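Numbering of residues begins at 1 and proceeds along the displayed sequence. Just so you know, these numbers come straight off a predicted model, no measurement behind them. Heavy atoms only: backbone and side chains are in, while hydrogens, waters and symmetry mates are out.
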Amino acid sequence: MPNIIEITDFEAPELDIYARLSEAQLLHLYEPKTGLFIAESPKVIKRALDAGYEPVSFLAEEKHMTGETLDVITRCDDVPVYTADFEILSKLTGYQLTRGMLCAMRRPVLPHVEDVCAGARRIAVLENVMNPTNIGAIFRSAAALNIDAILLTPACSNPLYRRASRVSMGTVFQIPWTFLESNVADGNISYLKPLQNLGFKTAAMALSDNSVSIADPRLATEEKLAIVLGTEGDGLTPSTIADCDYTVRIPMSHGVDSLNVAAASAVAFWELCRR
């Protein structure tokens, strides 16, 4: 039987993770051990459970304790399920519970780059992409368009933040990923050296006089290719572009010079990951 607990005490410490702690605080909650994250909606939570993520508790509207929500909590009989009607939950969390269900989960220990890239042919590298909506959209495109893994620089938004995992429709739990570490040599920072050591050619998605078209046949014939995408607005840093084996441009029309990073990722993944 599900362990359902009706909310009566808004100050209960068990509810801090939903009502009073920010996502950054959840991330660092148990340091040096890993922290928590919040997943939203039965579909997203189910994909996390399928991937082996450990639930700590649930928060759900009473009227949604049926269908997919009931299926999810039935899988986790010993996990507390805090519940109340919508009006009470809105006051408790400070925002609308738009998908009917939240789940606090433990963050896993992140894998090493070598483990994430093992057996991969096409990977994405995200440099300083700070908008969680863009992170989620990139993961969703990656899952749909044959990307084998995603690597992120330390300044990127965390893929397990609630908005990122929701926009991704839970694909952040399906695509292998981890954060890169910078390698400092001669005063220059390079995130790409470990990938090049693993046999990947690197393709910077950037506007440059030296850019090749995304349809260049050399890209399609590369056995292992890392597609490198930059932050919103500024794009990739000059040093990263210089370190890449290719600089790649998506042809544009009507005077448009660039796409949003999430849109550009979908185009790049489609063209460069066809098998």
Side-chain angles (χ1 to χ4, degrees), residues 110-131 134-135 137-139 141-143 145-159 164 172 175-250 258-274:
L110 290 178
H112 296 294
V113 169
E114 293 79 6
D115 296 329
V116 168
C117 294
R121 290 186 62 252
R122 295 291 186 266
I123 66 173
V125 180
L126 308 185
E127 181 183 88
N128 304 342
V129 178
M130 294 172 277
N131 187 314
N134 284 334
I135 292 287
I138 292 169
F139 266 84
S141 292
L145 300 172
N146 294 314
I147 286 289
D148 299 310
I150 295 179
L151 303 174
L152 306 96
T153 62
C156 285
S157 180
N158 196 289
V172 295
I175 298 291
W177 64 272
T178 196
F179 281 97
L180 286 160
E181 295 181 0
S182 61
N183 293 292
V184 180
D186 300 325
N188 294 318
I189 297 176
S190 174
Y191 300 102
L192 303 176
K193 190 64 175 176
L195 304 182
Q196 292 164 338
N197 291 341
L198 293 172
F200 284 91
K201 294 294 185 180
T202 50
M205 302 301 300
L207 302 174
S208 167
D209 293 338
N210 299 320
S211 296
V212 300
S213 169
I214 196 171
D216 190 303
R218 291 175 295 174
L219 297 169
T221 59
E222 293 291 359
E223 182 63 26
K224 299 170 74 174
L225 187 68
I227 303 164
V228 189
L229 297 135
T231 186
E232 304 85 352
D234 293 335
L236 293 170
T237 61
S239 61
T240 294
I241 295 172
D243 288 338
C244 283
D245 299 293
Y246 299 96
T247 305
V248 180
R249 176 195 297 265
I250 299 171
S258 65
L259 297 174
N260 166 274
V261 64
S265 74
V267 175
F269 299 163
W270 165 252
E271 181 63 32
L272 300 175
C273 302
R274 289 186 283 179

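The shortest non-hydrogen separation linking L236 to A204 is CD1-CB, 3.5 Å. The heavy-atom pair separating E271 from I214 by the smallest distance is CG-O, 3.5 Å. The two residues A266 and L145 have their closest heavy-atom pair at O-CD1, 3.4 Å. I135 and C156 get closest at one heavy-atom pair: CD1-CB, 4.5 Å. When every heavy atom of V116 is checked against every heavy atom of A149, the shortest pair comes out as CG1-CB, 3.3 Å. I175 and A143 make their closest contact through CD1-CA, 3.6 Å (heavy atoms, listed as atom of the first residue, atom of the second, distance).
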* To do: Output, in order, the C-alpha distance, side-chain angles, deciding distance and verdict of side chain to side chain contact (heavy atoms under 4.5 Å, CB included) for F200 and L192.
  => CA-CA 9 Å; F200 284 91; L192 303 176; over 6 Å; no
* Test V212 against R218 for side chain to side chain contact (heavy atoms under 4.5 Å, CB included), laying out the working first. => CA-CA 10 Å; V212 300; R218 291 175 295 174; 3.4 Å; yes
* **Residue pair T202, V125: steps toward the side chain to side chain contact (heavy atoms under 4.5 Å, CB included) verdict** => CA-CA 9 Å; T202 50; V125 180; over 6 Å; no
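In this structure, the side chain of Q196 engages the main chain of D243 through a donor-acceptor pair within 3.5 Å. Panel note: side chain S211, backbone A206; a donor-acceptor pair is recorded below 3.5 Å. Distance alone, capped at 3.5 Å, places no donor-acceptor pair between the R121 side chain and the D148 backbone. Side-chain atoms of S141 do not come within 3.5 Å of backbone N or O of I138 as any donor-acceptor pair. When atom types are taken as modelled, the side chain of S157 and the backbone of N131 share no donor-acceptor pair closer than 3.5 angstrom. The backbone N or O of T237 sits less than 3.5 Å from a side-chain atom of E127, completing a donor-acceptor pair.
If you take CH2 on W177 and CG on L126, they are separated by 11.0 Å, rounding to the nearest 0.5 Å. For the atom pair CG of L195 and CD of E114, the computed distance is 9.0 Å after rounding to the nearest 0.5 Å. Separation of atoms OG1 (T178) and CG (D115) is listed at 9.0 Å; rounding is to 0.5 Å.
Within the 4.5 Å cutoff, the side chain of S239 has no heavy atoms near those of the Y191 side chain. Residues I227 and I147 have side chains in contact (heavy-atom distance under 4.5 Å, counting atoms from C-beta outward). Looking at I123 and K224, their side chains never come closer than 4.5 Å, going by heavy atoms from C-beta outward. At a threshold of 4.5 Å between non-hydrogen side-chain atoms, the residues R122 and N146 do not count as touching. Looking at D245 and E222, their side chains never come closer than 4.5 Å, going by heavy atoms from C-beta outward. Taking the side chain as every heavy atom from C-beta outward, V113 and L180 approach each other to under 4.5 Å. Side-chain atoms of L229 and V129, non-hydrogen and from C-beta on, never get closer than 4.5 Å to each other. Residues S265 and F139 have side chains not in contact (no heavy-atom distance under 4.5 Å, counting atoms from C-beta outward).
Applying the 6.0 Å contact sphere to NZ of K201 captures no more than 12 heavy atoms from other residues, nucleotides or ligands.
For the side chain to side chain donor-acceptor pair (under 3.5 Å) with N128, the qualifying choice from D234, T231, T153, T240 is T153, the only one to do so. When each of V267, L219, D216 is checked for a side-chain contact (heavy atoms from CB on, under 4.5 Å) with L272, only L219 meets the rule.
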